[in-house]
Amino acid sequence: SEGWCAMTTCIECTHWNTKGTDRAMVRLGFAACALKKLTGHTVSAEAQACERFAPLEAKAAAARREWLGKQLGEACQ
């Protein structure tokens, strides 16, 4: 299954905030959205991007995908 590798998802958004999220959740593919001010609420890296999507620089997005793929044991093509 291609899943999050094949579509525009939260992992590619500047608002998907890995630094403001517990590391254990990030390793599972979840991080807080900087635009959603709900304490403790996280969004899946696989969630389809919302209308407020702000693309991350391509190199940074690729690095995130590679890192998360290693954490989840999945590699994006």
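- At least one side-chain heavy atom of Val26 sits less than 4.5 Å from a side-chain heavy atom of Trp67.
- Other cluster members for Met25: Leu28, Phe30, joined by side-chain heavy-atom distances under 4.5 Å among Ile, Leu, Val, Met, Phe, Trp and Tyr.
- Considering NE2 of His15 and CG of Asn17, their distance stands at 10.5 Å, rounded to 0.5 Å.
- Qualifying salt bridge (charged side-chain N to carboxylate O under 4.0 Å, His left out) partners for Lys70, counting only residues two or more places apart in sequence or in other chains: Glu66.
- Here the shortest heavy-atom pairing between Leu68 and Ala45 reads CD2-CB, 3.3 Å.
- In this structure, CD1 in Ile11 is found 9.0 Å from CD in Glu46, a value given to the nearest 0.5 Å.
- For Cys10, the side-chain contact (heavy atoms from CB on, under 4.5 Å) test picks out Trp16, Val43, Ala47, with sequence neighbours left out.
- Atom CZ in Arg27 sits 8.0 Å away from atom CG in Asp22 (nearest 0.5 Å).
- Checking side-chain atoms of Arg65 against main-chain N and O of Glu12 turns up no donor-acceptor pair under 3.5 Å.
- The line from CZ of Arg23 to CD of Gln71 is 8.0 Å long, rounded to the nearest 0.5 Å.
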